[in-house]
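These notes concern the structure reproduced below.
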Amino acid sequence: MSQPSHASPPGQYPPPHEPDWGRPPKKSGAGKILGFGVVAIVVVIGGSVAFAMTTGDDKDSSGGDSSAVSASPAGDSDGKPAPDDADVTSCGLGDFTKWPSAEVKVTNHSSEESDYQVRIDFVDASGNRIAQAVATTTGLAAGDSTQASAQGSEPVADDIKCKITEVLRKAS
């Protein structure tokens with residue numbers, strides 16, 4: 001009995017090489033890298049949008065050191081507006097960091113010891129908010145005054161003005 005021969009007849013090409021179906025092909029890491037890259041981009045864009053929505057420009061054009069009272073921030077429902085209890089005493093940029101900073105004099109006009117939260121907007125010459133910070137003080141006795149500092153967290157290139165946008169007082 002003769003065995004079938006896999007040899008090619010004379011003048012013909014050899015039979016095609018059959019693939020090795022026993023072992024899966026090696027995968028490259030390009031798919032994983034691409035997937036992680038897409039996820040990272042979505043996170044960065046989402047974070048940027050959320051940040052922009054919470055710190056968007058305040059289009060108040062008054063500039064200057066005026067005081068205004070806005071609604072209490074979320075989570076601080078016990079704080080009461082106290083716009084006359086805070087005044088900006090200095091406003092400028094740090095020598096080395098160029099971060100905006102403000103010194104605020106806080107005076108407790110209430111009849112009990114209180115904690116304060118003073119929100120400061122740093123505005124450009126056109127009155128547009130370019131940064132924001134909060135100065136806090138705790139345990140300020142009735143009738144007493146103290147200095148509190150507020151500092152932005154990014155360098156600013158232009159001259160700035162400091163504007164108190166919110167003063168909250170809460171009994172200690």
Side-chain angles (χ1 to χ4, degrees), residues 33-172:
I33 293 171
L34 181 63
F36 286 126
V38 169
V39 169
I41 290 171
V42 169
V43 168
V44 168
I45 290 173
S48 298
V49 169
F51 180 76
M53 290 177 67
T54 59
T55 62
D57 282 341
D58 182 10
K59 297 299 180 189
D60 183 12
S61 61
S62 62
D65 295 339
S66 63
S67 295
V69 178
S70 62
S72 298
D76 192 5
S77 60
D78 295 331
K80 295 184 175 37
D84 296 331
D85 288 2
D87 293 304
V88 174
T89 58
S90 71
C91 178
L93 299 177
D95 292 333
F96 179 71
T97 63
K98 300 298 182 197
W99 289 1
S101 63
E103 290 294 318
V104 181
K105 180 180 180 182
V106 180
T107 304
N108 185 351
H109 290 112
S110 75
S111 59
E112 55 192 349
E113 185 175 290
S114 299
D115 301 335
Y116 283 87
Q117 180 182 45
V118 182
R119 189 172 310 262
I120 306 289
D121 280 356
F122 300 103
V123 298
D124 62 16
S126 300
N128 296 317
R129 181 174 67 193
I130 53 177
Q132 188 177 40
V134 176
T136 60
T137 187
T138 58
L140 186 60
D144 280 354
S145 295
T146 191
Q147 287 289 121
S149 298
Q151 181 172 331
S153 60
E154 293 183 15
V156 175
D158 299 328
D159 288 334
I160 60 166
K161 294 182 181 180
C162 298
K163 177 181 171 186
I164 295 176
T165 57
E166 180 177 55
V167 179
L168 293 177
R169 176 179 59 218
K170 182 178 177 182
S172 297

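Since the structure is predicted, the reported quantities are computational estimates derived from the model, not experimental observations.
Formation of a donor-acceptor pair under 3.5 Å by the Asn108 side chain with backbone atoms of Gly143 is not found in this model. A donor-acceptor pair is defined here as one N or O able to donate and one able to accept, closer than 3.5 Å; no such pair exists between the side chain of Ser126 and the backbone of Asn128.
With a 4.5 Å cut-off on side-chain heavy atoms, Ser172 and Asp115 count as touching. Two residues are said to be in side-chain contact when any heavy atoms from C-beta on lie closer than 4.5 Å; Thr107 and Asp144 fail this criterion.
When every heavy atom of Val88 is checked against every heavy atom of Cys91, the shortest pair comes out as CG1-CB, 4.3 Å. Contact record, Gly152 with Ala133: N-CB, 4.0 Å, taken as the closest heavy-atom pair. Closest non-hydrogen pair, Ala148 versus Val106, comes out as CB-CG2, 4.4 Å. Heavy-atom minimum distance, Ala142 versus Ser110: CB-O, 3.3 Å.
Note that OG1 of Thr165 and NZ of Lys163 are 7.5 Å apart. Values are rounded to the nearest 0.5 Å. Distance check, rounded to the nearest 0.5 Å: OG1 of Thr138 to CD of Glu113 gives 8.5 Å. A distance of 7.0 Å separates NE2 in His109 from OG in Ser145, rounded to the nearest 0.5 Å. Interatomic distance, NZ of Lys161 versus CZ of Phe122, reported as 14.5 Å (0.5 Å rounding).
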Stepwise side chain to side chain contact (heavy atoms under 4.5 Å, CB included) check, Ile120 with Ile164: CA-CA 5 Å; Ile120 306 289; Ile164 295 176; 3.6 Å; yes
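Partner of Tyr116 under the side-chain hydrogen bond (donor to acceptor under 3.5 Å, both in side chains) criterion, out of Asp85, Thr136, Thr137, Thr146: Asp85 alone.
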Residues 92-105, side-chain donor-acceptor partners within the protein, below 3.5 Å, at least two apart:
{"residue": "Thr97", "atom": "OG1", "partner": "Trp99", "partner atom": "N", "Å": "3.2"}
{"residue": "Glu103", "atom": "OE1", "partner": "Ser149", "partner atom": "OG", "Å": "3.2"}
{"residue": "Glu103", "atom": "OE2", "partner": "Ser149", "partner atom": "OG", "Å": "2.5"}

